[in-house]
Amino acid sequence: MDTYKLSEGALRTIMQGGQVDCPIMQVLGSKKIATISSDKERYRILLSDGLFHISFAMFTTQINEKMESGELPMFSVIKIKQYITSVVNNAGRSDKRVLVILDLEVIASGDKVTKKIGEPEPLPEDDLSNTATKQAASKPNVSHEASCQPTTSKGHPNRVTLNQSLQDQLTHPISSLTPYQNKWIIKARVTNKSNIRTWSNSRGEGKLFSMDLVDKSGEIRATAFRDLVDKFYDYLEIDKVYYISKCQLKPANKQYSSLKNDYEMTLTNESIIQLCEDDVDSVPQTRYNFLTVDKIGQMEPGSFVDVIGVCKAVSDLQTFQARSTGRELKKKELTLVDHTDNAISVTLWGQEAENFDGTSNPIIAIKGAKVGEFGGGKNLGTTMNGILKVNPDIPEAHRLRGWYDNSGMHKEMKNLSARTGGNFDTPWMNFKEVREQNLGHSESGDYFQVCATILLLRSENLLYKACPVEECNKKVIDMENGMFRCEKCCRESPNFKYRLLGNVNVGDFSGNQWLTMFSSEVEKVLGMSAAEVGKAYDEDKSALAEIANKANFKQFVFRCRAKYEVYNDENRLKTVAVRVDPVNRKEYNVYLISEINQLMGN
DNA sequence: CCCCCCCC
């Protein structure tokens with residue numbers, strides 16, 4: 001069996017705050033850590049250097065994935081390529097230093113090693129204690145904090161006087177930040193900064209802004225509220241690099257953020273932000289996680305993606321009223337294509353739409369575009385949190401430029417935004433909204449869906465004899481000689497099929513409406529086939545009234561098409577329930593909750 | 001503590 005040499009004694013050096021390059025260690029075990037909220041799982045690692053072992057090593061999120069995929073079974077020998085130690089406040093007890101592993105290489109899988117190497121003992125408490133760690137950490141912490149006082153004099157920020165190695169030792173990668181330890185300093189670039197926005201709702205009111213922070217290891221969103229807006233907004237400038245410390249971390253709400261981080265930060269009164277002008281080129285610009293256009297077809301509406309493509313076409317600026325708020329909206333729609341030969345429609349809004357110049361087919365990179373769905377096709381839209389760059393100087397952009405100019409411009413593209421014709425996105429309405437919105441004037445009719453109760457299903461004309469020809473459902477004329485004539489097919493036949501015609505008044509809390517329904521939908525309402533209704537009628541001519549009555553006060557979701565039609569020289573609104581379904585409570589509640597939220601101003 | 005981001 002192979003033997004592996006561990007870096008004996010390295011843990012003592014590291015846990016006292018010292019540096020060891022690429023130590024070799026063995027994983028002796030792991031334990032899932034209980035985490036707050038729905039946060040991803042984290043592991044606490046039992047780690048040995050052959051001489052000592054510690055039980056409070058942690059991995060960053062990326063390495064957690066290795067843990068979950070089984071790449072790091074017990075007894076694995078690893079090379080630790082990058083790590084930091086952090087002092088955590090141990091709930092009032094003495095502070096504790098933890099080892100956070102940022103990058104590692106598996107030297108040998110535990111399946112191969114199969115046993116513990118050496119006879120490691122627990123690293124003595126003395127080497128972990130408050131005094132030892134404070135001694136190791138106090139000097140840089142003190143000197144650094146002294147140099148990181150916030151300054152309001154924009155033109156003359158205090159110079160950071162630390163030498164480079166000290167800074168590197170002090171600066172933590174963004175990817176290592178967690179809510180479980182709070183003594184960190186990051187060196188990060190502000191890649192995006194929102195406008196100052198005010199809010200007012202049932203929980204209070206105030207103002208805020210947020211920004212995106214980026215370093216070599218990752219990215220995170222930070223938000224400042226109320227008076228901290230005044231304190232920091234002007235000082236923080238897009239594209240500049242800052243030392244930042246003492247912010248509060250909390251799980252990120254993925255619904256609202258496209259950044260690749262499980263956490264986001266909130267600035268507090270203790271937060272320290274200091275402009276950094278040393279070695280800023282080592283801090284990257286915008287971090288993209290580009291998805292090729294073809295992949296966007298599989299994305300859920302509401303999710304965020306980073307995308308890069310060629311602007312193949314752009315619409316004129318369009319202005320219209322928002323149906324919900326009545327606000328005037330401006331948009332421009334551009335068609336983005338890439339080397340996968342797929343195209344997708346991207347909507348730009350407001351100022352961004354007005355300023356956008358799509359001539360000469362520029363390359364467009366968007367960080368944090370929101371995926372939408374319309375008519376069964378997918379589309380993208382920019383949001384306030386996203387970043388749009390025209391002709392960015394990055395390799396992906398140069399590659400696309402070459403592709404498009406050489407061959408891409410002549411290619412036929414698959415349009416992911418094409419409507420598939422399904423009844424997607426039919427808006428929910430109540431009858432008051434139906435009345436007020438004066439529907440029915442468009443060429444193809446206006447669609448809406450309503451959850452309503454049947455007030456009256458008319459038994460008159462509920463049943464009719466129809467042409468037996470498969471695709472022909474025309475009412476036949478009883479020739480009174482055993483034959484039935486279809487005017488549409490111009491032929492007589494000895495038989496017919498029964499069909500139903502729904503003439504129904506349905507209502508909700510806000511009003512009621514007469515609808516017509518085709519046979520298939522009346523069958524769903526009655527829970528009987530047309531043939532069954534016909535049979536009951538043949539046996540007892542008065543059966544229809546009773547059958548129709550049974551439908552009353554039942555509740556359904558009616559998917560309706562409203563359209564004005566000329567009838568007897570009169571233009572009247574006809575509303576057809578093209579689909580009737582039992583109420584899907586879960587789906588309907590999503591709509592009701594969104595209505596409630598809107599009423600609450602959330 | 002926000003999180004509205006719209007339309008066909």
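The figures that follow rest on heavy atoms only: side chains count, while hydrogens, waters and symmetry mates do not. The chains referred to below are lettered A, B, ... by the order of the sequence lines, with proteins before strands, and numbering in each begins at 1. Fair warning: this is a prediction, and the values are worked out from it, not measured in the lab.
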Separation of atom [atom1] in [X] from atom [atom2] in [N], rounded to whole Å:
X: A:Asp316; N: B:dC7; atom1: CG; atom2: C1'; result: 16 Å
X: A:Lys254; N: B:dC2; atom1: NZ; atom2: P; result: 19 Å
X: A:Asn195; N: B:dC3; atom1: CG; atom2: P; result: 14 Å
X: A:Lys331; N: B:dC5; atom1: NZ; atom2: C1'; result: 14 Å
X: A:Gln351; N: B:dC5; atom1: CD; atom2: P; result: 20 Å
X: A:Leu267; N: B:dC2; atom1: CG; atom2: P; result: 16 Å
X: A:Asn192; N: B:dC2; atom1: CG; atom2: P; result: 20 Å
X: A:Ile196; N: B:dC2; atom1: CD1; atom2: P; result: 17 Å

So which nucleotide from [options] ends up closest to the side chain of [X]?
X: A:Trp199; options: B:dC1, B:dC7, B:dC5; value: B:dC1
X: A:Asn379; options: B:dC8, B:dC2, B:dC6; value: B:dC8
X: A:Arg197; options: B:dC6, B:dC8, B:dC2; value: B:dC2
X: A:Phe320; options: B:dC7, B:dC2, B:dC6; value: B:dC7

Exercise. Is any side-chain N or O of A:Arg221 under 3.5 Å from a base N or O of B:dC3, one able to act as donor and the other as acceptor?
Worked result: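 When only heavy-atom distances are counted, A:Arg221 does reach the base of B:dC3 through a donor-acceptor pair under 3.5 Å.
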
For this session: Record whether the side chain of A:Glu264 comes under 3.5 Å of the base of B:dC3 through a donor-acceptor pair of N or O atoms.
Result: yes

Exercise. Would you say a side-chain N or O of A:Arg226 is under 4.0 Å from OP1 or OP2 of B:dC2?
Worked result: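 Negative; the distance criterion is not met.
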
Problem set entry | Residue-phosphate contact under 4.0 Å: A:Trp349 side-chain N/O, B:dC5 OP1/OP2 |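 Answer is no, no contact under 4.0 Å.
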
Exercise. Should A:Glu300 and A:Lys378 count as an ion pair when the cut-off is N to O under 4.0 Å?
Worked result: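 Between A:Lys378 and A:Glu300 there is no salt bridge, as every charged N stays at least 4.0 Å from the carboxylate O atoms.
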
For this session: Look at A:Arg435 together with A:Glu433 and state whether they make a salt bridge at an N to O cut-off of under 4.0 Å.
Result: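 Looking at A:Glu433 together with A:Arg435, the answer is no, because their closest N to O distance does not fall below 4.0 Å.
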
Exercise. For A:Ile364, which of A:Leu348, A:Leu336, A:Thr382 qualifies under side-chain contact (heavy atoms from CB on, under 4.5 Å)?
Worked result: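 It is A:Leu336, the one option of A:Leu348, A:Leu336, A:Thr382 that forms the side-chain contact (heavy atoms from CB on, under 4.5 Å) with A:Ile364.
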
For this session: Provide the closest heavy-atom pair for A:Ile174 versus A:Leu213 in the form atom of the first, atom of the second, distance.
Result: CD1-O, 3.7 Å

Problem set entry | Taking every non-hydrogen atom, the tightest pair across A:Glu521 and A:Arg579 | OE1-CA, 3.4 Å

For this session: Answer with base, sugar-phosphate or nothing: what part of the nucleic acid does A:Thr347 contact at a heavy-atom distance below 4.0 Å?
Result: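 Base contact.
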
Exercise. Using a cut-off of 4.0 Å on non-hydrogen atoms, how would the nucleic acid contact of A:Gln248 be classed: base, sugar-phosphate, or nothing?
Worked result: nothing

